[in-house]
Structure formats: structure tokens, C-alpha cells
**Student:** 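I'd like to ask some things about the structure below.
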Amino acid sequence: MSATTEAAAPFAFTAENLALAKKHIAKYPEGRQASAVLPLLDLAQRQNDNYLSQEAIRHVASMLDMPFIRVWEVATFYTMFNLVPVGKHFLQLCRTTPCWLRGSDALEKVIRDKLGIRSGETTADGQFSLLEVECLGGCVNAPVVQINDDYYEDLTPESFEAVLDALARGEKPPHGPQVKRLNSAPEGDRTTLLEEAGEG
């Protein structure tokens, strides 16, 4: 994922995405179209294999009648935007304290051993990229890895390896907790309180 000199590949929204972009723009009053910059950048990134080329940013700037530099400032401020190409499966490994205490180091080792990449790198086949990030907000389900738009939670080295294997086979493994729990409910069979408030 290291920055390289980018060939100026042309970019334009597909007909479907252009219709979506116009819907986003229409949400804002006349003269306030720049407020649609975030959803349009997100739309452009999704269309462009999960990264924002300079041409995609220029296209958004043109649609919103904004100077390129203003849109560039937005794109470089938010970490959700990728300014260099990433793999088909973009892994974001949370390294904040709850995930670290619950085993994110072991997950990083799985990535190193299985995929041969470190943070900021992409596998030679272009399938996987890794970025270490701070707090994905799923602390109760630590450790957590975000893969594209999906959260994989309560991971162990074994369950994480199984997720990576499924992705490598072209499958989409179920996201969410990888243990027996519903969302962020306590692990185990008891999921509700059995006493009335004030008792015990």
C-alpha cells in the first residue's frame, strides 16, 4: 500500500452511481452542495476498488463545484479513505488496549505467517491488504478485525485463520462474533436477568 506515482486513469461515476450521487447532492439546499462531499467520496471509493485515485477526487470536486484541494483535504483527513490501492480484502486490525489485551498480537502473527504482510502492505496477488488501526469501537467483542465493511469479532488465531482461508477460497464467511454469542450479549446461555429490579 505504499504510495506510488499514479497514472492518471480517467474516472467517472457509472450511471447507477451517478444517480446515487445526484440523490445525495439533492439532500442539501442550493449553494450547499459541498456538504455531499463525504458520501460522494465514499461512493467513488467503492466504485474504484476501495481506493480514491486523484482522478476520482477530481471528479467529485467537479460535480460539487469545489476546488480540488478542498476535496483532497477531506480525503486526506479521514482514515476511512484509501489514497493508494488496497487488496480485494482490506484488513483493519484493531490495536487499541481492549483488543491488545484479548489477543490482537496473535492475530497479527496469523497475518504475518499466513499472508506474509505487515501493516501498510498488500499480498503479491492483490487479495489482502493490512492496516493497523486504533479502536474500531467493538471493544466488548475484542479482538476485532474489520474486513472491508464487515466486523469479525471475538477472534482467536484459529477462527481468524478460518476466516482468511474462506476469503482466499472466494467465500464470504459469516461476520460478527466468532463465538457463541448474540451480537454483544454475554457469552454463555444466560442472556437475560432472572430477578426483578431491586431484588437480591
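In this chain, residues are counted from 1 in sequence order.
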**Student:** Would you mind checking if Arg95 and Glu108 are paired as a salt bridge, meaning a charged N to carboxylate O distance below 4.0 Å?
**Tutor:**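 Salt bridge: yes.
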**Student:** Indicate yes or no: at least one non-hydrogen side-chain atom of Ile25 is less than 4.5 angstrom from one of Met63.
**Tutor:**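 Side-chain contact under 4.5 Å: yes.
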**Student:** His89 vs Phe128 aromatic rings, parallel, tilted or perpendicular, using cut-offs 30° and 60°?
**Tutor:**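 Ring orientation of His89 relative to Phe128: tilted.
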**Student:** Determine, stepwise, if the pair Leu91 / Leu164 fulfils side chain to side chain contact (heavy atoms under 4.5 Å, CB included).
**Tutor:** CA-CA 10 Å; Leu91 313 176; Leu164 294 178; 4.1 Å; yes
**Student:** How about Gln146 and Phe90: do any of their side-chain heavy atoms sit closer than 4.5 Å?
**Tutor:**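 The answer is no, as the side chains (C-beta and beyond) never meet within the 4.5 Å cut-off.
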**Student:** Is there a side-chain contact between Leu83 and Ile57 (heavy atoms, below 4.5 Å)?
**Tutor:**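 The answer is yes, as the side chains (C-beta and beyond) meet within the 4.5 Å cut-off.
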**Student:** Closest heavy-atom contact between Leu107 and Leu93?
**Tutor:**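 Distance-wise, the nearest heavy atoms are CB-CD1, 4.0 Å.
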**Student:** Where is the tightest heavy-atom contact between Cys99 and Pro143, given as atom of each residue plus distance?
**Tutor:**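 For Cys99 and Pro143, the tightest heavy-atom pair comes out as SG-CA, 3.7 Å.
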**Student:** With the side chain counted from C-beta on, respond yes when Asn141 and Arg181 share a heavy-atom pair under 4.5 Å apart, and no when they do not.
**Tutor:**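 Yes, at least one pair of side-chain atoms sits under 4.5 Å.
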**Student:** Distance-only, no hydrogens or angles: does the Asn148 side chain make a donor-acceptor pair with backbone N or O of Lys88 under 3.5 Å?
**Tutor:**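 Yes: the side chain of Asn148 pairs with the backbone of Lys88.
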**Student:** Can you tell me how far the CG atom of Leu18 sits from the NE2 atom of His59, to the nearest 0.5 Å?
**Tutor:**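 Going from the CG atom of Leu18 to the NE2 atom of His59 covers 6.5 Å.
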**Student:** Please check this pair: side chain of Tyr51 against backbone of Phe81, looking for a donor-acceptor N/O pair closer than 3.5 Å.
**Tutor:**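 No, the answer is negative, given that no donor and acceptor are paired below the 3.5 Å cut-off.
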**Student:** If you take all heavy atoms of Lys114 and Asp165, which pair is closest and at what distance?
**Tutor:**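 Shortest heavy-atom contact: CE-OD1, 2.5 Å.
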**Student:** Tell me whether the centres of the aromatic rings in Tyr151 and His175 are closer together than 6.0 Å.
**Tutor:**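 No - the distance between ring centres of Tyr151 and His175 does not fall below the 6.0 Å cut-off.
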**Student:** With the 4.5 Å side-chain cut-off for hydrophobic clustering, are Trp100 and Tyr152 part of the same group?
**Tutor:**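 Different clusters: Trp100 never reaches Tyr152 through Ile, Leu, Val, Met, Phe, Trp or Tyr contacts under 4.5 Å.
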**Student:** Which heavy-atom pair separates Val144 from Gly138 by the least distance, and what is that distance?
**Tutor:**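 Minimum heavy-atom contact is CG2-O, 3.5 Å.
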**Student:** To the nearest 0.5 Å, what is the distance between CZ on Arg112 and CG on Leu130?
**Tutor:**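 So the CZ of Arg112 and the CG of Leu130 are separated by 10.0 Å.
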**Student:** State the OG-CD distance between Ser62 and Glu55, to the nearest 0.5 angstrom.
**Tutor:**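 If we round to the nearest 0.5 Å, Ser62:OG and Glu55:CD are 11.0 Å apart.
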**Student:** Could you tell me whether a side-chain N or O of Gln47 sits under 3.5 Å from a main-chain N or O of Ala12, the two making a donor and an acceptor?
**Tutor:**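 Yes: the side chain of Gln47 pairs with the backbone of Ala12.
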**Student:** State, with a plain yes or no, whether a side-chain heavy atom of Cys94 is found less than 4.5 Å away from one of Val145.
**Tutor:**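 Sidechains of Val145 and Cys94: no contact.
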**Student:** I need the Ser119 OG to Gln92 CD distance, nearest 0.5 Å.
**Tutor:**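 Reported value, rounded in 0.5 Å steps: 10.0 Å.
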**Student:** Under the criterion side chain to side chain contact (heavy atoms under 4.5 Å, CB included), I'd like the reasoning laid out for Asn82 against Leu52: C-alpha separation, chi angles, the key distance, then a yes or no.
**Tutor:** CA-CA 6 Å; Asn82 302 312; Leu52 280 174; over 6 Å; no
**Student:** Is atom CD of Glu171 surrounded by more than 12 heavy atoms (other residues, nucleotides or ligands) closer than 6.0 Å?
**Tutor:**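 Correct, the count exceeds 12.
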**Student:** Do the side chain of Ser159 and the main chain of Leu155 share a donor and acceptor less than 3.5 angstrom apart?
**Tutor:**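 Absent.
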**Student:** Might you point out which heavy atoms bring Leu43 and Asn17 nearest each other, and give the distance in Å?
**Tutor:**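 Shortest heavy-atom separation between Leu43 and Asn17 comes out as CD2-O, 3.3 Å.
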**Student:** More than 12 heavy atoms of other residues, nucleotides or ligands under 6.0 Å from CG of Asp65: is that the case?
**Tutor:**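 No.
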**Student:** Within the structure provided, determine whether Tyr78 and Leu41 are in side-chain contact (heavy-atom separation under 4.5 Å).
**Tutor:**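 When only atoms from C-beta onward are counted, Leu41 and Tyr78 do not touch, as no gap falls below 4.5 Å.
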**Student:** Using only atom types and a distance under 3.5 Å, with no angle test, would you say the side chain of Glu16 pairs donor to acceptor with the backbone of Thr14?
**Tutor:**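 Judged by distance alone, no pair lies under 3.5 Å.
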**Student:** So, taking the atom named CZ in Arg46 and the one named CG in Asp42, what distance separates them when rounded to the nearest 0.5 Å?
**Tutor:**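 Separation between the atoms: 4.5 Å.
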**Student:** Assess whether atom CZ of Arg169 is packed by more than 12 heavy atoms of other residues, nucleotides or ligands within 6.0 Å.
**Tutor:**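 Check passes, neighbour count above 12.
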**Student:** Going by distance alone, is a donor N or O of one side chain under 3.5 Å from an acceptor N or O of the other, for Gln178 and Asp154?
**Tutor:**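 Per modelled atom types, Gln178 and Asp154 side chains form no pair under 3.5 Å.
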**Student:** Between atom NZ of Lys22 and atom NZ of Lys27, what is the distance when rounded to the nearest 0.5 Å?
**Tutor:**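 One finds 15.5 Å between NZ of Lys22 and NZ of Lys27.
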**Student:** In this structure, are over 12 heavy atoms from other groups packed under 6.0 Å from Arg70 atom CZ?
**Tutor:**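 Result for CZ/Arg70: open.
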**Student:** With the side chain counted from C-beta on, respond yes when Thr79 and Leu131 share a heavy-atom pair under 4.5 Å apart, and no when they do not.
**Tutor:**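 In short, these two side chains do not touch, never coming nearer than 4.5 Å.
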**Student:** Check whether any side-chain heavy atom of Gln54 sits under 4.5 Å from a side-chain heavy atom of Phe68, and report yes or no.
**Tutor:**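 Yes, at least one pair of side-chain atoms sits under 4.5 Å.
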**Student:** Using modelled atom types only, decide if a donor and an acceptor are shared between the side chain of Thr122 and the backbone of Val86 within a distance under 3.5 Å.
**Tutor:**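 Such a contact is absent between Thr122 side chain and Val86 backbone.
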**Student:** Could you check whether any side-chain N or O of Asp125 sits under 3.5 Å from a backbone N or O of Gln127, counting only pairs where one atom can act as donor and the other as acceptor?
**Tutor:**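 Side chain of Asp125 to backbone of Gln127: a pair is present.
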**Student:** Judged by atom type as modelled, is there a donor-acceptor pair below 3.5 Å linking the side chain of Gln45 to the main-chain atoms of Met80?
**Tutor:**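 Yes: the side chain of Gln45 pairs with the backbone of Met80.
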**Student:** At their closest point, which heavy atom of Ala21 faces which heavy atom of Phe13, and how far apart are they?
**Tutor:**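 Minimum heavy-atom contact is CB-CE1, 4.1 Å.
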